[in-house]
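The structure appears right after this line, and notes come after that.
Hydrogens, waters and symmetry mates play no part in the numbers below; they use all other heavy atoms, side chains included. Model, not experiment: these values are computed from the prediction. Note that the numbering runs from 1 along the sequence shown for the chain.
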Amino acid sequence: MSWKKTAITITMGNDKYPKGIKVIRFNNIVEEPTKEQLQQFAEGLVLLSDGDSYLGSEIVKYTQQSAK
């Protein structure tokens with residue numbers, strides 16, 4: 001199997017959202033993101049937001065397997 005792509009889903013919280021949370025998906029990030037990289041990325045999103053708080057993230061790694 002070979003690596004195809006990695007995606008991350010970031011969950012942000014804010015009372016301004018209808019359900020109190022907002023889920024943002026980012027595709028084609030680095031193959032093996034570190035905890036520190038995710039934390040810095042989330043902190044950047046918080047700085048750019050209007051009062052959001054970082055609630056968590058989910059990493060999804062896609063691999064490709066040939067038929068042979």
Among all residues two or more places apart in sequence or in another chain, which pass the side chain to side chain contact (heavy atoms under 4.5 Å, CB included) test with Y54?
I10, M12, Q39, A42, V46, S57
Residues passing the side chain to side chain contact (heavy atoms under 4.5 Å, CB included) test with D50, sequence neighbours excluded, are K16
Closest heavy-atom contact between L38 and P33?
CD2-CB, 4.1 Å
Point-to-point distance, once rounded to the nearest 0.5 Å, from CG of D52 to CG of D15
10.5 Å
Straight-line distance of I24 CD1 to I8 CD1, nearest 0.5 Å
10.5 Å
All salt bridge (Lys or Arg N to Asp or Glu O under 4.0 Å) counterparts of E36, not counting sequence neighbours
none
How would you list, by chain and number, every residue that makes a side chain to side chain contact (heavy atoms under 4.5 Å, CB included) with Q40, sequence neighbours excluded?
none
By side chain to side chain contact (heavy atoms under 4.5 Å, CB included) - contacts of K61 (at least two apart)
W3, T6, E31, E32
Determine which pairs satisfy ring pair (Phe, Tyr, Trp, His ring centres under 6.0 Å) with at least one residue from residues 10-45, sequence neighbours left out, and list them in order.
F26-F41
For the CG atom of L55 and the NZ atom of K22, what is their distance to the nearest 0.5 Å?
12.5 Å
Is any side-chain heavy atom of R25 closer than 4.5 Å to one of N27?
yes
Report yes if some heavy atom in the side chain of T63 is under 4.5 Å from a heavy atom in the side chain of K4; otherwise report no.
no
